[in-house]
Number of protein chains: 2
Amino acid sequence: MAKAKRILKWQRDPEGMRQRILDAAKQEFSAHGLAGARVDRIAAKAGANKRMLYYHVGNKEDLYLEVLEGAYEKIRAEERTLALEHLDPPEAIACLIDFTWNYFLRNPEFLALLNTENLAKAKHLKRSTKVKSMHSPFVEMIRTVVTRGVARGDFRVAVDPVQLYISIAALAFFYLSNSATLSVIFGRDLLKKDARDERLAHMIALVLAALTGESTAVFGRAKAPARQSAEQPVV
Amino acid sequence: MAKAKRILKWQRDPEGMRQRILDAAKQEFSAHGLAGARVDRIAAKAGANKRMLYYHVGNKEDLYLEVLEGAYEKIRAEERTLALEHLDPPEAIACLIDFTWNYFLRNPEFLALLNTENLAKAKHLKRSTKVKSMHSPFVEMIRTVVTRGVARGDFRVAVDPVQLYISIAALAFFYLSNSATLSVIFGRDLLKKDARDERLAHMIALVLAALTGESTAVFGRAKAPARQSAEQPVV
DNA sequence: ACAGTATTTATCCAACGGGTTAATTTTCGC
DNA sequence: GCGAAAATTAACCCGTTGGATAAATACTGT
């Protein structure tokens, strides 16, 4: 009785389905923003029916908030894996910059989601107790590293850890988030390998030069590939 | 025959109307993004009929591109008014940062529009020969200032002007564009006067410390109000 | 094997939103 | 004054979209 009916109609997999929906939603929201996202496209991408979104998560805004929360959870989790205690303070800062840069590079949807949420004036984030309780470990990491660096004489000055945290994020975020327009303005591809390497080196050099007061020593420690051209600027 | 009819129907004002439409569109697009913007709202805000948008400018995307081009024109025009030639190099850099910061602060729609355009992967900008021909004078300004600063001994190192330009924009842009989410994350208002002053001081100190190698001298020149509290971090 | 529940599918719909059509009013050249 | 062109209005069109309903199908414990 090989009825063409018995060919595997569908299986149940609530958790899998939920995850596929959230993944699809993340793609959609980061590609088109909140208003530009289409519920039908999310369903299609998740290999599901539109009704499933409402069944498993809720309406469009619920879906969006869940995606946003997930994005914060993910970066916070990765941030926590960074161990800087046993590094020299300058190395630790370089490591932090390197991580931030590469995280943003690997997770462009995160940048887009943050921009979308800021367009909404953080309306959804404000309602999320979940995200508000997820503090980045970086501020405290920076605080201890800077204290240690000043004590050891590596750094000349005390820095407000919050300001430095924001500045490091800023240097990486802006470049990557705005790479499309900047590439048009400057008439060259800012995302190609060479340009990316150059940017990472610049960011590390800039911040370490400001902190240590030395510009040469910095480069021996930077994780970015050393530039060999004699003409290349240092910062 | 005092018919209530004769009470001033409407006057013609094509240019005025066009401008009101573009202003309204700028507000709408920067507040809601391209997909979130509503043509009817733009019309209403412009005190016009929806048909007028199509008559005077074109469809939604045409309208959006015109707004974007206008925004670039405006910042480029203001940038050109900045005269740095007769300033000491460190002062010149501080001045540049100060301008950038205050321009972004005064023109939040510009930030939002850039984010919107980057969400669209600069699709519209690529088609705009107008914007592509509008180069920022800042890159060349930075180049000459840095050259001069290195020659005079003010600066220790050569910096790639493009990287520095991007970094300065980044430090200001990210803070302001993301102030909504950052304010939630940090649990305090990043846009209040004190916070803004602190940020400007930090940005100037960071960049000048990296360039000059001195952190104390920097502050005498920064345009931001001097901090008096002994505990305050320097960078 | 069967009842009950969890999960999924197939349609439907009312509101919305960009865009258009056609009529109306003002202005301007002559 | 007058007719044509420019500017403006009101009303409509129709595909899209978020969301809802109800029926079908798979799994679970008993």
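Not measured: the values here are computed from a predicted model. Note on naming: letters A, B, ... go to the chains in the order of the sequence lines (proteins, then strands), and numbering restarts at 1 for each one.
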Residues pairing under salt bridge (charged side-chain N to carboxylate O under 4.0 Å, His left out) where one sits in residues 102-116 of chain B, two or more places apart or in two chains, turn out to be K26(B)-E109(B), E78(B)-R106(B)

The salt bridge (charged side-chain N to carboxylate O under 4.0 Å, His left out) partners of R20(A) (sequence neighbours excluded) come to none

In whole angstroms, the gap separating P of dC16(C) from CZ of R38(A) amounts to 15 Å

From OH of Y54(B) across to C1' of dT8(D) the rounded distance in Å is 16 Å

Closest of dG18(D), dG18(C), dA10(D) to the N49(B) side chain is dA10(D)

With the side chain defined as heavy atoms from C-beta on, M52(A) is closest, among dT17(D), dT7(C), dT8(D), to dT7(C)

note: D40(A), atom CG; dG18(D), atom P; distance rounded to Å ~ 6 Å

Distance-only criterion, 3.5 Å: show the donor-acceptor pairs between side-chain atoms of residues 52-60 of chain A and protein atoms not counting sequence neighbours.
{"residue": "N59(A)", "atom": "OD1", "partner": "E61(A)", "partner atom": "N", "Å": "3.3"}
{"residue": "N59(A)", "atom": "OD1", "partner": "D62(A)", "partner atom": "N", "Å": "3.0"}
{"residue": "K60(A)", "atom": "NZ", "partner": "L34(A)", "partner atom": "O", "Å": "3.0"}
{"residue": "K60(A)", "atom": "NZ", "partner": "A37(A)", "partner atom": "O", "Å": "3.0"}

Hey, can you pull the donor-acceptor pairs under 3.5 Å for the side chains in residues 121-130 of chain A, sequence neighbours left out?
{"residue": "H124(A)", "atom": "ND1", "partner": "E117(A)", "partner atom": "OE1", "Å": "3.0"}
{"residue": "S128(A)", "atom": "OG", "partner": "E69(A)", "partner atom": "OE2", "Å": "2.7"}
{"residue": "S128(A)", "atom": "OG", "partner": "V131(A)", "partner atom": "N", "Å": "3.0"}

Residues at least two apart in sequence or cross-chain that pass side-chain hydrogen bond (donor to acceptor under 3.5 Å, both in side chains) with R76(A), listed by chain then number, are E79(A)

When rounded to the nearest 0.5 Å, the distance separating CG of L164(B) from CG of L206(A) is 7.5 Å

Taken in chain and number order and not counting sequence neighbours, the residues that satisfy side-chain hydrogen bond (donor to acceptor under 3.5 Å, both in side chains) with R80(B) are none

How would you label the contact of A37(B) with the nucleic acid (heavy atoms, under 4.0 Å): base, sugar-phosphate, or nothing?
sugar-phosphate

Expected list for residues 55-62 of chain B near DNA chain D, using heavy atoms below 4.0 Å, is Y55(B), H56(B)

Could you pull out all donor-acceptor pairs under 3.5 Å where a side-chain atom in residues 171-186 of chain B meets a protein atom, sequence neighbours excluded?
{"residue": "Y175(B)", "atom": "OH", "partner": "L190(B)", "partner atom": "O", "Å": "2.8"}
{"residue": "S177(B)", "atom": "OG", "partner": "N115(B)", "partner atom": "ND2", "Å": "2.8"}
{"residue": "S179(B)", "atom": "OG", "partner": "L176(B)", "partner atom": "O", "Å": "3.0"}
{"residue": "T181(B)", "atom": "OG1", "partner": "N118(A)", "partner atom": "OD1", "Å": "3.3"}
{"residue": "T181(B)", "atom": "OG1", "partner": "N118(A)", "partner atom": "ND2", "Å": "3.1"}
{"residue": "T181(B)", "atom": "OG1", "partner": "N178(B)", "partner atom": "O", "Å": "3.2"}
{"residue": "S183(B)", "atom": "OG", "partner": "S179(B)", "partner atom": "O", "Å": "2.7"}
{"residue": "S183(B)", "atom": "OG", "partner": "R188(B)", "partner atom": "O", "Å": "3.4"}
{"residue": "S183(B)", "atom": "OG", "partner": "L190(B)", "partner atom": "N", "Å": "3.1"}

M17(B) atom CE is separated from dT9(D) atom C1', nearest whole Å, by 11 Å

Out of dG18(D), dT8(C), dT21(D), minimum distance to the side chain of R51(A) belongs to dT21(D)

Between the protein and nucleotides 12-15 of chain D, which nitrogen or oxygen pairs come in under 3.5 angstrom?
none

